[in-house]
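What follows is one structure encoded as structure tokens, with my remarks underneath.
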Amino acid sequence: MPTPVVDYTLAKCARGGAEMAVSDYNPAEIEKKWQDIWEKEGVFRASRDHSKPKYYVLIEFPYPSGEGLHVGHPRSNTAMDIIARKRRMQGYNVLFPIGWDAFGLPTENYAMKHKIHPRIVTEKNIARFKQQLKSLGFSFDWSREINTTDPNYYRWTQWIFLKFFEKGLAYKAEMPINFCTQCKVGLANEEVVNGRCERCGGEVIRKVKSQWMLRITEYAQKLLDDLELVDYIEKVKIQQRNWIGRSEGAEIDFSIPNSDKKIRVFSTRPDTLFGATYMVLSPEHPFVDEFKDRIANWDEVEAYRAEAMKKSDFERTEIAREKTGVPLKGFTAINPATGKEIPVWISDYVLMSYGTGAIMGVPGHDARDWEFAKKFNLPIVEVVKGGDIEKEAYTDTESGILVNSGFLNGLTVKEAIEKMILWLEEKGIGKRTVNYKLRDWVFSRQRYWGEPIPLVHCEKCGWVPVPEEELPVILPPLEDYVPTETGESPLAKVTDWVNTTCPRCGGPARRETDTMPQWAGSSWYFLRYTDPHNDREFASMEELKYWLPVDWYNGGMEHTTLHLLYSRFWHKFLYDLGYVPTPEPYKKRTSHGMILGENGEKMSKSRGNVINPDDIVREFGADTFRVYEMFIGAFDQAIPWSQQGVKGCRRFLEKVWKLQDILVGDGPSPEGYSPEFETAMHRTVKKVSLDYERMKFNTAVAAMMSLVNDFHDAGRITRGELRTLLLILNPVAPHITEEMWERVGFEGHIYQQSWPTWDESKTVEDVVEIAVQVNGKLRGLVTVPRNAPQDEVKEAVLEQESVRRYLDGKQVVKEVYVPGRIYSIVVK
RNA sequence: GCGAGGGUGUCGGAACUGGCAGACGAGCUGGACUUAGGAUCCAGUGCCCCUGGUGGCGUAGGGGUUCAAAUCCCCUCCCUCGCACCA
């Protein structure tokens with residue numbers, strides 16, 4: 001539809017000039033006003049009407065810490081608020097929910113220190129966060145607010161856990177776990193960062209404990225494969241793949257002389273079997289004890305094991321460390337390919353937790369084995385030709401050719417791997433295997449402030465689930481939240497809660513005193529949002545079918561391995577049980593960069609560089625804050641905060657406000673654009689619309705800034721132009737735009753309007769200025785019709801004195817004309 | 001070490017499928033209005049030479065492809081993030 005154009009001769013200044021300037025921009029007043037209206041009218045509530053197309057926008061729900069919101073949180077919120085508001089204007093039924101991931105250690109630690117119940121601390125923190133978020137004008141559907149510490153919520157977290165238990169995916173295991181010496185809790189591998197606790201930075205040691213585990217490894221392949229089904233930024237997919245860490249190879253059995261037992265190893269390079277000149281067991285490998293009798297140097301072995309045990313996983317896996325190890329004297333194995341007897345060692349570079357806890361040493365073709373063999377003078381045999389194994393291990397798998405390997409000689413590595421696997425399978429001494437780095441998930445915490453694990457231990461019946469109708473198992477009140485010295489949960493001290501009866505046999509039983517990790521509640525919260533008040537199921541299939549999957553999920557890069565993997569796992573499990581309608585929870589995932597302090601460092605209380613959004617809102621207003629958060633820089637990059645930059649955004653909004661002073665009257669068509677600005681309007685609508693979708697918020701804001709500057713330079717803006725500008729600016733600055741919309745007298749409210757469209761043919765100028773180059777150097781500019789034919793342009797070019805000067809007396813060798821872009825001449 | 005992404009003014013950052021580098025904002029300089037200015041408005045602002053002009057040089061460094069390179073190719077350096085003795 002063509003946009004009508006306003007004739008300036010008819011358009012007179014409606015407000016009569018500068019002496020009648022509108023009142024000053026006062027964000028404090030108008031922001032409160034519009035927030036109240038939105039709340040009263042419930043305009044951002046997702047509709048139960050399923051006839052409209054839906055759009056589910058999700059942000060990571062915040063952990064309500066005692067420090068309150070800092071300027072990092074709203075980056076994601078504002079971005080997704082822009083998407084949510086735009087989608088509503090595009091006619092979607094939008095779900096943009098909010099809630100609280102409120103279980104967790106900082107609250108518990110605070111409660112311990114100040115002797116206040118964590119529930120009270122949590123409530124207080126939530127109230128603060130809520131007030132802060134509301135002051136920023138996000139279009140959340142507050143009627144669907146959830147809280148993971150609400151028994152009505154964690155009832156279903158417990159329920160899902162029981163499903164895992166029923167299906168055998170939750171199991172108890174006696175195993176060495178990562179234990180944070182400061183928090184006194186067990187940690188998942190994912191929570192250990194550089195040998196320290198991800199949350200508190202405390203030292204992590206290995207401790208053998210009986211723990212509840214979730215069998216996420218069962219879903220490794222699905223979690224990997226189904227990344228194909230989703231639209232995540234590539235970086236995130238790579239991280240997920242890395243973490244799952246699939247590798248293909250073979251398991252091979254090495255027989256032990258005078259024993260039925262075999263040492264099983266996993267190798268991705270079975271082709272190098274002929275080059276295996278020794279074996280290495282992990283110090284924890286059970287064979288070390290089993291074959292104690294044969295081991296001549298037991299004292300030495302035992303000392304080494306004790307040493308290894310003391311080391312944290314981090315120390316053990318530090319790559320810079322020199323290899324250590326001890327031979328198991330008297331204990332040997334047979335290389336099944338060569339038939340030779342080879343020595344067996346123990347070394348801590350072999351991990352019990354990966355593969356089989358044992359490896360075959362192929363020093364010619366594995367860098368670690370090479371280093372080990374060099375140090376301990378073990379034989380190095382070349383079985384793949386192509387490198388110099390005297391200097392380093394030859395690990396290339398592309399161009400090497402097998403040698404010294406019997407039936408494999410002459411083959412490429414790829415062929416040899418296949419042939420070797422067939423040979424192993426034929427002989428019954430090995431088979432094709434896939435291994436994953438992913439480990440099962442340590443799911444219990446010996447802490448108070450988490451969901452109680454709803455199981456009861458009965459002497460007779462073993463572990464028995466609490467019946468569904470008795471859920472939730474409520475956290476009992478407590479005097480003291482300190483874990484016991486042995487690392488037991490403080491719940492263990494509440495004897496009248498712990499002692500109960502077995503739901504199966506009625507006999508005496510004890511409750512599980514461990515609680516769930518913080519990841520539990522956040523693994524399914526997006527499901528609850530679809531039907532948050534349901535007290536019969538975690539969410540009805542009807543609502544789930546309508547709303548799932550989440551259309552767009554944005555969050556921090558720091559959650560892309562753990563939270564994303566865990567929640568995908570829970571979702572897939574529920575999908576297999578028929579409780580959710582989609583195999584994947586999130587259709588699209590993006591990530592935002594961190595906001596740093598003004599000194600370029602990570603914002604933290606200890607560094608003293610925290611910026612509180614409340615102060616910004618008080619001084620500049622929420623709209624300025626939002627505009628700045630989006631304008632600050634590329635959305636996916638970490639960026640330092642700048643108080644100066646905030647001021648610039650406030651100035652921009654002042655200029656927007658002052659457009660009221662230069663508004664020209666109704667004219668023949670109030671919706672029209674002036675000829676002068678027609679192209680700019682269509683172009684800006686296009687740019688802003690597309691930039692929002694691509695999360696290029698900074699350039700979208702810049703485009704609107706330019707446009708506003710141009711209106712002030714021109715000294716006039718038509719109602720049609722202002723109307724469109726307010727619509728496209730609204731998602732970023734919702735309060736000022738609603739207020740101006742009302743003051744100028746446009747119909748209804750912006751939240752009831754449709755998103756403006758643009759006419760592609762009107763986004764380009766009819767007449768353009770193009771550059772003229774001579775021998776690659778800019779020598780002039782000509783203004784010509786956009787699609788002018790070459791000879792017409794040439795004429796204009798030759799009229800230019802500045803160009804002719806470089807052509808005189810020269811021979812033109814080549815001319816290149818790109819319409820609308822450039823006219824390039826080459827001379828000799 | 002492996003994988004991914006980067007290196008552009010004083011700063012944050014722009015630049016479509018190669019086509020006038022530095023949009024927009026900040027800062028800075030000068031001016032106007034002012035009792036005042038941390039308000040507002042106007043002008044300037046990549047570097048070098050120059051009275052001005054047109055001129056030369058410029059996107060980490062070096063080389064290449066092209067009429068034309070921040071953008072494509074090769075080499076080197078540096079930074080950020082993720083993984084890291086995973087057999």
Side-chain angles (χ1 to χ4, degrees), chain A residues 194 233-243 245-247 249 265-270 272 276 280 282 314 316-321 323 347-351 353-362 365-369 371-372 435-439 557-558 560-561 591 593-594 600 627-628 631-634 636-649 651-652 654-655 658 687 696 698-709 712 769-781 801-802 805 813-827:
Chain A
N194 291 339
I233 47 174
E234 199 49 32
K235 208 172 158 171
V236 172
K237 283 195 185 183
I238 289 167
Q239 280 188 32
Q240 296 261 309
R241 286 196 194 106
N242 274 346
W243 198 264
R246 177 191 159 100
S247 59
V265 302
F266 172 73
S267 173
T268 54
R269 296 289 306 276
T272 61
V280 185
S282 157
F314 180 62
R316 275 185 63 166
T317 57
E318 246 178 326
I319 192 156
R321 245 181 75 236
K323 297 267 181 298
S347 171
D348 63 7
Y349 85 90
V350 176
L351 309 173
S353 49
Y354 183 78
T356 60
I359 61 150
M360 60 184 200
V362 186
H365 308 282
D366 180 282
R368 297 153 299 183
D369 296 346
E371 204 188 314
F372 191 78
N435 245 304
Y436 301 91
K437 280 197 259 184
L438 186 69
R439 313 283 155 79
M557 212 51 213
E558 66 274 24
T560 49
T561 23
S591 291
M594 230 185 320
V627 170
Y628 180 63
F631 184 65
I632 187 167
D636 57 353
Q637 248 141 54
I639 214 98
W641 184 266
S642 156
Q643 204 71 4
Q644 287 300 336
V646 180
K647 271 190 211 166
C649 292
R651 268 177 223 159
F652 164 59
E654 298 272 3
K655 283 189 214 168
K658 283 189 192 141
K687 175 151 186 68
K696 306 266 277 179
N698 54 337
T699 50
V701 172
M704 290 186 281
M705 285 174 168
S706 279
L707 187 63
V708 169
N709 288 345
H712 280 290
E769 189 180 53
I770 67 169
V772 181
Q773 288 184 349
V774 180
N775 285 354
K777 294 236 159 67
L778 181 70
R779 297 303 183 191
L781 296 167
E801 168 54 31
S802 60
R805 187 186 314 159
V813 184
K814 188 170 184 177
E815 283 173 84
V816 179
Y817 170 52
V818 183
R821 298 240 188 264
I822 205 155
Y823 198 97
S824 182
I825 305 169
V826 187
V827 295

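Heavy atoms only: backbone and side chains are in, while hydrogens, waters and symmetry mates are out. Order of the sequence lines sets the chain letters (A, B, ...), proteins ahead of strands, with each chain counted from 1.
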So, does [X] get its side chain near the phosphate of [N], meaning an N or O under 4.0 Å from OP1 or OP2?
X: T699(A); N: rC24(B); result: no
X: N709(A); N: rG25(B); result: yes
X: N698(A); N: rA14(B); result: yes
X: K437(A); N: rC85(B); result: no
X: R241(A); N: rC83(B); result: no

Worksheet item: Nearest to the side chain of Y354(A) - rG25(B), rA87(B), rA4(B)?
Response: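 Of the candidates, rA87(B) comes closest.
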Fill in: Separation between the P atoms of rA23(B) and rG38(B), rounded to whole Å
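Going atom to atom, P in each nucleotide, I get 26 Å.
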Worksheet item: Using the P atom in both, what is the distance from rG56(B) to rG44(B), to the nearest Å?
Response: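 Approximately 23 Å lies between the P atom of rG56(B) and that of rG44(B).
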Can you tell me the distance, in whole Å, between the [atom1] atom of [X] and the [atom2] atom of [N]?
X: I639(A); N: rC11(B); atom1: CD1; atom2: P; value: 14 Å
X: M705(A); N: rG12(B); atom1: CE; atom2: C1'; value: 12 Å
X: Q644(A); N: rU10(B); atom1: CD; atom2: P; value: 19 Å
X: I233(A); N: rA4(B); atom1: CD1; atom2: P; value: 15 Å
X: I822(A); N: rC67(B); atom1: CD1; atom2: P; value: 14 Å

Worksheet item: Could you write out RNA chain B as a dot-bracket string, with dots for unpaired bases, | for bases paired across to another strand, and Watson-Crick or G-U pairs counted at under 3.5 Å?
Response: (((((((..(((......[....)))((((((.......))))))(((......)))..(((((..]....))))))))))))....
Item to complete: Between A702(A) and L778(A), just flag the one whose closest nucleotide in RNA chain B comes earlier from the 5' side.
Response: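 Nearest-nucleotide comparison on RNA chain B picks L778(A).
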Worksheet entry | Base rC85(B) to side chain K323(A), donor-acceptor N/O within 3.5 Å cut-off |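 Indeed, a donor on one side and an acceptor on the other fall under 3.5 Å apart.
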Practice prompt. Report yes or no: is there a donor-acceptor pair, N or O only, under 3.5 Å between the side chain of R779(A) and the base of rC20(B)?
Written response: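 Answer no: no donor N or O sits under 3.5 Å from an acceptor.
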Within the sub-3.5 Å range, which N or O atoms of nucleotides 42-49 of chain B have a protein N or O partner, and how far apart are they?
none

